[in-house]
2 protein chains.
Amino acid sequence: MATGRTHRPATRSRGIPEATVARLPLYLRALTALSERSVPTVSSEELAAAAGVNSAKLRKDFSYLGSYGTRGVGYDVEYLVYQISRELGLTQDWPVVIVGIGNLGAALANYGGFASRGFRVAALIDADPGMAGKPVAGIPVQHTDELEKIIQDDGVSIGVIATPAGAAQQVCDRLVAAGVTSILNFAPTVLNVPEGVDVRKVDLSIELQILAFHEQRKAGEEAAGDAGAVPPVAARKQQPATDQGPDGDVPAVMPA
Amino acid sequence: MATGRTHRPATRSRGIPEATVARLPLYLRALTALSERSVPTVSSEELAAAAGVNSAKLRKDFSYLGSYGTRGVGYDVEYLVYQISRELGLTQDWPVVIVGIGNLGAALANYGGFASRGFRVAALIDADPGMAGKPVAGIPVQHTDELEKIIQDDGVSIGVIATPAGAAQQVCDRLVAAGVTSILNFAPTVLNVPEGVDVRKVDLSIELQILAFHEQRKAGEEAAGDAGAVPPVAARKQQPATDQGPDGDVPAVMPA
DNA sequence: ATGTCTTTGTGAACGCGTGCACAAAGATGG
DNA sequence: CCATCTTTGTGCACGCGTTCACAAAGACAT
């Protein structure tokens, strides 16, 4: 019960695959750097290297946007910057509210990467009345009571949640009710949102845990005496049966 | 040239798919919450709802770890918490260094989600000599000069980069040279690392740009009067020739 | 012991994303 | 105008991840 939409059903936005959309900002960044160095054109090979991807993938990605390259030459940097910006919707202004001005919220408010793209911090919001009026990154913090008013007055459609986990769902509900349809969630919780609302989450703890997994694996393999780079990758199905008892058996540390 | 490893070649760690590994922390969090409420067992359906995923996917994920459930009953919460923790390598202590103690670095240092898992902040490092000795989150900041010594003394294998983009690669190189083999990168740059080093990146700006794309799409579809879900998706190859000049021409909005 | 009922574990089908490899397009030089 | 050379755009095949749907496994009641 209560299986509210949580994952975007991958509606396959236009023709553009989600994986490609996720890479466009990467290309844009590399292109912007080239633009600042006044480089007129760039080949798929060069740009791919700068963005850290495969050149074939890059060309396929661009092919979804249209035929913007010139065979034998490459891509016009300025033109491509514009096309990608337009595709991502960065040619317009996106007012954003940040809710929860703790350490992380303040860091976000100060982050320069927002303004340089089309993003503008419309308001900083915190539940602590003591914070009200205190300027962070040159913007006075406002109390949660003002949330609905701000969103409606400024036509905010993107909200950033940087509150503790306990408050996140409640904040999310209020944001959505007030008209926000895209949410960037930094709180370590699964947010429940109605259909049509996009949620992306950034979870520091999860990223570290994934790294720990790989780290452990490296250590384990090393201990196994396998010094070479690429170990017998495929077909390793056996369980670490040497570890503890057989399947059903419970290792030392156990439930009460 | 210099196409150093940047993406993990999906070495397919053990039998466990990368996608599954990425979800394990999610399950772990949901299970921990249940554990705190002293819930003894949980069905795949319930747990899947709590973690915001499909129940079939969850069962398949768990099947990679082994047969830890009981048919007709579900999964033993405590047991599963242990198994996942062990699989992720959280039963051991992971010392972590955070480099770049600006707003974001400070936020990370204060983030509680680390300690609760097996992660311990071994050191905070900043290039600014004025920061040296100043305590952040109860830990005195140390100067970059100490970096190598700290890593070797504490056996640090995970590093977090929260520096400006310009310094990231240099910091990365030093971390790797000193023995770090997993890096969590918050700087908006593509990091170049040798084989065997894992990099995960968290990019605030990119996440917002992806949201903007979907937001623009929603707005566009609404304006097109297309209330239905799936618009004529495929086969849109024509350029927006009505927009501006031909290929080489640069539209109005442009960088300096 | 036997039957019923719940829930897991997984075989199989499908769709998306990736990468190879090459034909077509255009630039450039003679 | 033709030949050559570079680089794009993409058809195709492959592998990973997701989902469905169901048989097998066990709990529980009688």
Side-chain angles (χ1 to χ4, degrees), chain A residues 3 6-24 26-27 40-49 51-77 79-80 83 233-235 237 239 247-248, chain B residues 3 6-24 26-27 40-49 51-77 79-80 83 230 233-235 237 239 246-248:
Chain A
T3 309
T6 296
H7 291 274
R8 71 217 95 88
T11 313
R12 187 52 151 296
S13 305
R14 181 153 88 236
I16 304 179
E18 192 60 32
T20 295
V21 173
R23 279 188 295 266
L24 289 182
L26 222 58
Y27 302 144
T41 61
V42 66
S43 73
S44 64
E45 202 73 46
E46 293 165 333
L47 186 54
V53 302
N54 182 301
S55 72
K57 193 187 296 185
L58 178 143
R59 286 198 301 275
K60 181 146 290 193
D61 282 342
F62 286 174
S63 79
Y64 292 116
L65 307 183
S67 287
Y68 294 148
T70 305
R71 295 171 192 234
V73 176
Y75 298 92
D76 183 292
V77 171
Y79 186 54
L80 206 44
Q83 289 298 343
V233 169
K237 263 310 169 69
Q239 282 143 303
D247 275 286
Chain B
T3 308
T6 296
H7 291 274
R8 73 216 95 89
T11 314
R12 186 50 149 302
S13 307
R14 183 156 85 234
I16 304 180
E18 192 58 32
T20 295
V21 172
R23 279 188 296 267
L24 289 181
L26 222 58
Y27 302 144
T41 62
V42 65
S43 73
S44 64
E45 202 73 45
E46 292 165 333
L47 185 54
V53 302
N54 182 301
S55 73
K57 192 186 296 184
L58 177 142
R59 286 198 300 274
K60 179 144 287 194
D61 282 343
F62 285 175
S63 79
Y64 292 115
L65 307 184
S67 286
Y68 293 149
T70 305
R71 296 173 191 231
V73 176
Y75 298 92
D76 183 294
V77 172
Y79 186 52
L80 207 45
Q83 289 299 343
V230 183
V233 168
K237 262 311 168 72
Q239 281 144 303
D247 275 284

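Chain A is the first sequence line, chain B the second, and so forth, proteins listed ahead of strands; every chain is numbered from 1. Being a predicted model, the structure only gives us computed values, none of them experimental.
At whole-Å resolution of the value, CD in A:E46 and P in D:dT8 are 9 Å apart. The interatomic distance linking B:L58 (CG) with D:dT18 (P) rounds to 12 Å, in whole Å. If you take CG of B:D61 and P of D:dG17, they are 10 Å apart, rounded to a whole angstrom. When the C1' atom of D:dT7 is taken as reference, atom CG of A:D76 falls 15 Å away, rounded to whole Å. In this entry the distance linking OH of A:Y64 with C1' of D:dT8 reads 15 Å, nearest Å. Atom P of nucleotide D:dC12 and atom CZ of A:R59 are separated by 17 Å, given to the nearest angstrom. Atom P of nucleotide D:dC14 and atom NZ of A:K57 are separated by 19 Å, given to the nearest angstrom. Taking atom CD of B:Q83 as the reference point, atom P of C:dG9 lies 12 Å away to the nearest angstrom.
To the nearest 0.5 Å, atom CG of residue A:L47 and atom OH of residue A:Y27 are 8.0 Å apart. In this structure, NZ on B:K60 lies 11.5 Å from CG on B:N54, to the nearest 0.5 angstrom.
Checking the phosphate oxygens (OP1, OP2) of C:dT7, no side-chain nitrogen or oxygen of B:S44 falls inside 4.0 Å.
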Inset, instruction - I would like to know whether A:D61 and A:V53 meet side chain to side chain contact (heavy atoms under 4.5 Å, CB included); could you show each step before the answer? - result: CA-CA 11 Å; A:D61 282 342; A:V53 302; over 6 Å; no
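Here B:Y75 lies in heavy-atom contact (under 4.0 Å) with sugar-phosphate atoms only.
A donor-acceptor contact under 3.5 Å links the side chain of A:K60 to the base of C:dG19.
Taking the nucleotide of DNA chain C with the nearest heavy atom to each of B:G69 and A:N54, the more 5' of the two is matched to B:G69.
Between A:Y68 and A:Y79, the gap from one ring centroid to the other is short of 6.0 Å.
Closest of all the heavy-atom pairs between B:G15 and B:Y64 is O-CD2, 4.1 Å. Shown here for B:S55 and B:S44, the closest heavy-atom pair between the two residues is CB-O, 3.9 Å.
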Can you pull every protein N or O that's under 3.5 Å from an N or O on nucleotides 3-5 of chain C?
none

Taking only N/O atoms, report every protein-nucleotides 25-30 of chain C pair under 3.5 Å with atom names and distance.
| unit_1 | atom_1 | unit_2 | atom_2 | d |
| --- | --- | --- | --- | --- |
| C:dA25 | O4' | A:R71 | NE | 3.4 |

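In this structure, the side chains of A:R59 and A:Y75 come closer than 4.5 Å at one or more pairs of heavy atoms. A:T70 places none of its side-chain heavy atoms less than 4.5 Å from the side chain of A:T41.
In this structure, of D:dT8, C:dA21, D:dG17, it is C:dA21 that holds the atom nearest to the side chain of A:A56. Checking D:dT10, C:dT10, C:dT18 against every side-chain atom of A:R23, the shortest atom distance belongs to C:dT18.
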